[in-house]
Amino acid sequence: MSDPEEASDTLAEVNLDDTHKPLTENLESDPTSSLKDIVVTIGATVPTGFELTAADEVKEKLGSQSRISKDRGKIYFEISVEKLSQVHRLRSVDNLFVVVQEFTDYQFKETKEDALKDLEDLAKKLPWTDPLKVWKLNTNLKKRKTKHKKQNQQNGASKEKLYDDGGKDRANQKDADKELLDHAQNTPSLKSAEQNTEKTQEMILADDQSDGKDEFPTITGNENQAGDCKKGEVEAQVLKFRVTCNRAGDKHCFTSNDAARDFGGAVQDYFQWKADMTNFDVEVLLNIHNNEVVVGIALTEESLHRRNITHFGPTTLRSTLAYGMLRLCDPQPTDIIIDPMSGTGAIPIEGATEWPSCYHIAGDNNPQAVKRAANNICSLLKKNQNKESGTSWGIPIDTIQWDICNLPLRTSSVDVIVTDMPFGKRIGSKKKNWDLYPACLLEMSRICRPGTGRAVLLTQDRKCFAKALSKMGHLWQKGHTVWVNVGGLHAAVYLLKRTLERAGEKRSYW
């Protein structure tokens, strides 16, 4: 996707002629309307199986009730636009989009031609106004973060404040959100942009030699950044877009590519935007699940799970999935939480970020994995570096190399164990798991506090885990199980509670 600054500028120059009355009439009807008064529906993709966990987080942090989609891995919730920046701080969501319109029981036509023609007509009837305002505000938010990041890279520990201290801690977030809304409201509206480009339109059409779809040329990135166009040369800026269709169900007479192509063509004709599959400004989403149709505009360029890890290993866990596992065990202040097979440290790092009142330990038997985890922690410390003093606040986490079957920890000293166990595919083998799993469960039971301790364990080798757990019923009591999709593999997250019985001597269970 192109630079957020360019996206914001081009949106202000969107050309809407008289055929686009559904969008412009709404702006004319209430020109003094405040962005704060707009309430929109946000869609979020979450790790499959953790929809309820994500809904709980939305309720806790935003005060909004969530609705879980029939299509697994998605939730929907309503927010006021002033809370948009808070939505981006949710830890359990991968991608975000603003819903243009949702159809719970869309009746597709029986033939392919009629069904696709129906989708084309749909593009002209959708209420695009508020979702485009939200997209514009979201772009301004990303522009502010981008400028702040570039300034930090250039000046190091500069004391210069950007956007009214927008990079400070959460205590000042309300002021930052208000400033962001004011900034967005002061940018040229779609209607004013239309008036500004009326005179240039005739010049563009006179010089145009394209096929009609690419009717409006786009200013290049260098021209946009320089901002000094030659006197007398006027070029219209136009948004570049693409349509992404996600379709599920076997009763459709068309493919995802068919729907994206025809619906995208209708969007292009409606807005006169330019189609670009790679360097796009706006991504329009067309989600079809059986008879449920949701049209949205993407608010994230890349998944939000790419937030903590800079040094990856062969089986690095997604941060959103790590958060869901941690939330299952309900960490309490002063809890000692360990990941005895941490790999690159995704789970402990996520825990230390979201639950700083707990103490987290990342351990692994592989020295290279321990080194990666330490590097990831250093990257996080650098990211959290105080912008004014240049100092870095510490986080409650340590790394250590150890043997999972012989942990250097005192008996009953750990409150919570959260780990991603070897699947036996990229690391280890299914055969080795038959010895590893029971030994792990026994050692975990030794260090975990009887009665109050709990463990959240992820594994795809469910048969081996079930066999090992059946022999440990006196030490571990199984709670509920969450079925998840990990890289296309059908895996399970088990919540275990430590019984009151003391762990006995190590012995073979097979």
Side-chain angles (χ1 to χ4, degrees), residues 19-26 38-46 48 51-52 54-55 58 64-81 84 87 93-135 138 241-271 273 275 280 282-300:
T19 62
H20 306 148
K21 290 182 179 179
L23 182 60
T24 57
E25 283 180 351
N26 289 337
I38 299 177
V39 176
V40 294
T41 300
I42 299 295
T45 61
V46 302
T48 303
E51 295 87 354
L52 289 175
V58 170
S64 301
Q65 295 289 346
S66 298
R67 175 175 52 82
I68 298 175
S69 172
K70 296 177 183 178
D71 185 13
R72 293 190 70 196
K74 292 187 180 70
I75 64 171
Y76 298 94
F77 53 91
E78 291 186 351
I79 62 161
S80 58
V81 175
L84 183 60
V87 174
V93 302
D94 287 316
N95 292 285
L96 297 166
F97 59 94
V98 56
V99 175
V100 177
Q101 193 165 359
E102 181 181 6
F103 304 89
T104 56
D105 189 19
Y106 192 89
Q107 298 300 319
F108 291 100
K109 300 297 175 62
E110 294 182 359
T111 64
K112 178 179 179 179
E113 292 75 13
D114 292 340
L116 293 176
K117 181 63 170 61
D118 204 33
L119 288 177
E120 291 181 18
D121 296 337
L122 178 64
K124 305 173 184 178
K125 304 174 184 177
L126 295 173
W128 296 98
T129 306
D130 286 350
L132 279 175
K133 288 181 181 179
V134 173
W135 178 87
N138 187 72
F241 84 105
R242 83 170 187 186
V243 172
T244 301
C245 178
N246 300 301
R247 185 186 63 86
D250 53 2
K251 296 183 179 180
H252 304 129
C253 55
F254 53 86
T255 65
S256 299
N257 288 336
D258 293 334
R261 181 194 63 229
D262 288 35
F263 185 79
V267 171
Q268 184 180 37
D269 292 340
Y270 186 66
F271 288 109
W273 291 346
F280 52 87
V282 182
E283 183 177 17
V284 179
L285 304 176
L286 178 62
N287 296 327
I288 303 173
H289 182 259
N290 294 326
N291 287 337
E292 184 183 80
V293 177
V294 179
V295 180
I297 299 176
L299 299 179
T300 49

- Determine the minimum heavy-atom distance between Lys109 and Ala115, stating which atoms define it. CB-N, 3.6 Å
- Could you state the interatomic distance from CD1 (Ile38) to CG (Leu84), rounded to the nearest 0.5 Å? 11.0 Å
- Query: Once you round to the nearest 0.5 Å, how far does CG of Asp262 lie from CG of Asn257?
  - Reply: 11.0 Å
- Item | Asp114/Lys117 ion pair, N-O < 4.0 Å | no
- Message: Minimum heavy-atom separation for Ala44 and Phe77, please, with both atom names.
- Response: CB-CE2, 4.3 Å
- Can you check whether Phe108 and Phe254 have ring centres sitting under 6.0 Å from each other? yes
- Given Ile297, Ile42, Val294, the one that forms side chain to side chain contact (heavy atoms under 4.5 Å, CB included) with Phe97: Val294
- Tyr76 and Gly43 have their tightest heavy-atom pair at CD2-CA, 3.6 Å
- Message: If we count only N and O atoms by modelled type, under 3.5 Å, do the side chains of Glu102 and Thr41 hold a donor and an acceptor together?
- Response: no
- Main-chain N/O of Ala123 paired with Trp128 side-chain donor or acceptor, under 3.5 Å: yes
- Query: Could you go step by step and tell me if Asp258 and Lys112 meet the side chain to side chain contact (heavy atoms under 4.5 Å, CB included) rule?
  - Reply: CA-CA 9 Å; Asp258 293 334; Lys112 178 179 179 179; 3.1 Å; yes
- Message: One pair to check against side chain to side chain contact (heavy atoms under 4.5 Å, CB included): Thr244 and Val284. What are the steps and the verdict?
- Response: CA-CA 6 Å; Thr244 301; Val284 179; over 6 Å; no
- When you measure from the side chain of Thr300 to the backbone N and O of Leu96, does any donor-acceptor pair fall under 3.5 Å? yes
- Task: Check whether any side-chain heavy atom of Cys253 lies under 4.5 Å from a side-chain heavy atom of Glu110, and answer yes or no.
- Result: no
- Taking side chain as C-beta onward, heavy atoms only, is Ser69 less than 4.5 Å from Ile75? no
- Short side-chain to backbone donor-acceptor contact, Glu51 and Gly73, under 3.5 Å: yes
- Student check: side-chain heavy atoms of Phe241 and Val243 closer than 4.5 Å: yes
- Query: Do Ile288 and Tyr106 come within less than 4.5 Å of each other through their side chains, counting heavy atoms only?
  - Reply: no
- Hey, what do you get for NZ (Lys74) to OG1 (Thr48), rounding to the nearest 0.5 Å? 8.5 Å
- How about Leu132 and Val100: do any of their side-chain heavy atoms sit closer than 4.5 Å? no
- Note on the structure: All heavy atoms of Gly249 vs all of Asn290, minimum pair found to be CA-OD1, 3.3 Å
